[in-house]
Amino acid sequence: MADYDLAIIGGGLNGTSVARDAAGRGLRVILLEQGDLGSGASQASPRLIHGDLAGLERRALFRVRTALKERDVWLRIAPHLVRPVRFAIPAHAEERPLWQLRTWLLLYDRLASRSGLPRSATVDVTHHPIGDALKRPFGTAFEYSDCIVDDSRLVVLNAVDAAARGADIRSGARVARADRGDVWRLAVIDRGYRRVITARSLVNATGAWAASVADTVLRVPAPPLTTVQIGQIVVPKLFDSDNVYVFQNSDGRLIFASPYERDFTLIGTVGHAFKGDPAVVAMGLHDVAYLCEAANRYFRQQIAPFDVVRTVSGANSVIARRASRDGAMALDFGRGRAPLLTMLGGDITTVRRRAERAVSEFTRFYPMTPRWTSKAPLPGGAFAWQRFETEVDIARDRWRFLGESKARRLVAAYGLNVGEILGDAKQKADLGPAFGPELTGAEVRYLMRLEWARFPDDVLWRRTKLGLTMPDADREALAAFMAKFD
């Protein structure tokens, strides 16, 4: 008998979503990630849960409708991570005509008719707060509703829920070799120790590494793949509103500028073909300048490449000439060949549905319980999204030493599970050493114990984004603290 029903290689958004779905359907699951969870392309998403307004231009009505349904699912199961906001499109005479934008938005409203979010509207920006940050030539804008998401937290909480349902989550575990027979026999280097495990089926969810893993580890043919790079830039805050701005660039692309970690603005995305090592993806100066120029067409406050405080980029593999926000998957099996499912690409909005379809591919090999992930909340998310502000107030009432911004950050990251970090603390000193103005020893211990954080970057750039503001001295103290705790 095999050790596991399903082994998953890759701890990004696809891999952790499959692990959660499969574990909840009663399968014995192990997930193997050579680095940290969500350390590849998953941390470089544009952080949007949306129906893809531009999809209407391509007449992809079914895909837009499907994504809008998934947007509602995310609001229901992850109300702490997914937040509805108003998106604003300033009208530009040189780009798409006003009638076309208005038609798109009316159709967008219709496709999302039961979402409960505010419908689109036409706004005179000369008398509206969204116009405060814009250049004067813009007199009209269109508003509509969509959502933003903490992408890295979404990856981790998928893994947390999978583990709670029995999955074995292993970060720092590299699959060195896989031998295929009636079952898969995997040689794994797990944090320096070699172990061998067996699994009845295997999922290759390694993203940009999919082809190299297929060739060197699994030793099976890989489909013809293209590797693409996406990137965003982070700059100091360019506007005070909670809106996400959608800009029509001169080349026809839609560029997003969204609030990011209170004091910053995230601008993106730019994408193109990529060749090289996916572990060292970096944005070139040309891409940085492109996004700066796109923002400068609209914002009063002008930015240049030297204003960029951080770039966020990653690479992923897609089927050649078939890039899609739905991603792609291929199942291979036969006599004496244990099943192998390869998952490729896809966006954050549709990942839950994509994982559901992937796990359902294995129903032909062994029985499992019905689909379930559209109704079960992620850890900490058992409340209605409309109650988010109420949950922040409840946290401030219970832990009086919390300021509003810190309470909001903690509830947005952990939802109703924030009490597992703060416990019976009466003052901030009860939470252990402080690393910068926000991070405490109690939170770091929680992340190491329950969320597989091993190194400072795991905490500062994926479990949180506090690396944006943490002084160097506190980073060094954090590294020492984690080394001692580990």
Side-chain angles (χ1 to χ4, degrees), residues 38 43-49 78-88 129-130 132-134 146-154 156-157 232-246 256-269 291 295 299-301 303 307-312 380 385 387-396 399 401-415 418 421-422 428 431 434-440 442-444 447 456-472 474-475 478:
Q43 66 178 340
S45 84
R47 295 167 63 97
L48 302 177
I49 297 287
H80 46 333
L81 306 182
V82 177
R83 303 297 303 150
V85 297
R86 294 292 273 172
F87 285 55
I130 69 171
D132 293 346
L134 298 175
D146 260 328
C147 300
I148 57 176
V149 62
D150 188 330
D151 48 359
S152 297
R153 295 292 310 157
L154 189 60
V156 171
L157 289 190
Q232 290 86 231
I233 58 174
V234 179
V235 298
K237 185 165 64 173
L238 297 177
F239 50 90
D240 292 323
S241 72
D242 292 331
N243 293 86
V244 173
Y245 289 88
V246 185
F256 296 85
S258 57
Y260 190 73
E261 303 301 315
R262 297 196 302 269
D263 298 322
F264 302 91
T265 297
L266 181 71
I267 302 172
T269 61
L291 292 176
F299 284 129
R300 288 188 191 181
Q301 184 174 332
I303 57 173
D307 294 311
V308 174
V309 298
R310 179 173 172 80
T311 63
V312 184
W385 65 264
R387 285 184 51 85
F388 180 83
E389 298 298 334
T390 301
E391 295 302 331
V392 173
D393 291 339
I394 290 173
R396 294 191 68 191
W399 296 282
F401 58 89
L402 289 179
E404 181 179 356
S405 64
K406 183 165 186 178
R408 187 176 299 277
R409 180 186 75 81
L410 290 172
V411 173
Y414 306 103
V418 67
I421 297 172
L422 302 179
K428 186 176 180 180
L431 300 176
F435 309 102
E438 297 228 17
L439 189 64
T440 65
E443 185 173 358
V444 174
L447 295 175
D457 277 1
D458 301 345
V459 172
L460 296 178
W461 297 115
R462 286 178 285 278
R463 309 309 185 280
T464 77
K465 297 294 187 295
L466 295 177
L468 285 165
T469 55
M470 183 171 289
D472 289 341
D474 288 298
R475 293 170 189 260
L478 173 62

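On a predicted model such as this, the values are computed, not experimentally measured, just so you know.
Heavy-atom minimum distance, R396 versus A407: CG-CB, 3.5 Å. Considering all non-hydrogen atoms of both residues, C147 and P84 come closest at SG-CA, 3.8 Å. Heavy atoms only, all atoms of each residue included: L81 and A412 are closest at CD2-O, 3.3 Å. Of all non-hydrogen atoms in T265 and P236, the two that sit nearest each other are OG1-O, 4.1 Å. Taking each heavy atom of H80 and Y414 in turn, the nearest pair found is CD2-C, 3.8 Å.
Using a cut-off of 4.0 Å between Lys/Arg side-chain N and Asp/Glu carboxylate O, E443 and K406 are scored as not salt-bridged.
Separation of atoms CZ (F388) and CZ (R83) is listed at 5.0 Å; rounding is to 0.5 Å. D263 CG to K237 NZ: the interatomic distance, rounded to the nearest 0.5 Å, is 6.0 Å. Rounded to the nearest 0.5 angstrom, L402 CG and L422 CG are separated by 5.5 Å. E261 CD to T464 OG1: the interatomic distance, rounded to the nearest 0.5 Å, is 7.5 Å. To the nearest 0.5 angstrom, I421 atom CD1 is 6.0 Å from L447 atom CG. Annotation: the span from F256 atom CZ to I267 atom CD1 amounts to 13.0 Å, rounded to 0.5 Å.
Taking 4.5 Å as the limit, some side-chain heavy atom of L134 sits within range of a side-chain heavy atom of Y245. Using a 4.5 Å heavy-atom cutoff, the side chains of D240 and D132 are not in contact. Considering only heavy atoms from C-beta on, F264 comes within 4.5 Å of T469 through its side chain. Taking 4.5 Å as the limit, some side-chain heavy atom of Y260 sits within range of a side-chain heavy atom of L468. Considering only heavy atoms from C-beta on, L439 stays 4.5 Å or farther from R463 through its side chain. Residues F435 and L466 fail the side-chain proximity criterion, which asks for heavy atoms closer than 4.5 Å. Between P259 and F239 the shortest side-chain heavy-atom distance falls below 4.5 Å. F87 places a side-chain heavy atom less than 4.5 Å from the side chain of L48.
Applying side chain to side chain contact (heavy atoms under 4.5 Å, CB included) to R47 and the options L154, T269, D151 leaves one that passes, D151. Exactly one residue among K428, R262, K465, R408 makes a salt bridge (charged side-chain N to carboxylate O under 4.0 Å, His left out) with E438. That residue is R262.
R153 places a side-chain N or O within donor-acceptor distance of the main-chain N or O of A413, the cut-off being under 3.5 Å. When atom types are taken as modelled, the side chain of R475 and the backbone of P456 share no donor-acceptor pair closer than 3.5 angstrom.
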Item to complete: Applying side-chain contact (heavy atoms from CB on, under 4.5 Å), run through D146 and V244 and close with a yes or a no.
Response: CA-CA 9 Å; D146 260 328; V244 173; over 6 Å; no

Worksheet item: Does the pair V308 and L291 meet the rule for a side-chain contact (heavy atoms from CB on, under 4.5 Å), with working shown?
Response: CA-CA 10 Å; V308 174; L291 292 176; over 6 Å; no

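Residue D242 places its CG atom among 12 or fewer non-hydrogen atoms of other residues, nucleotides or ligands, all under 6.0 Å distant.
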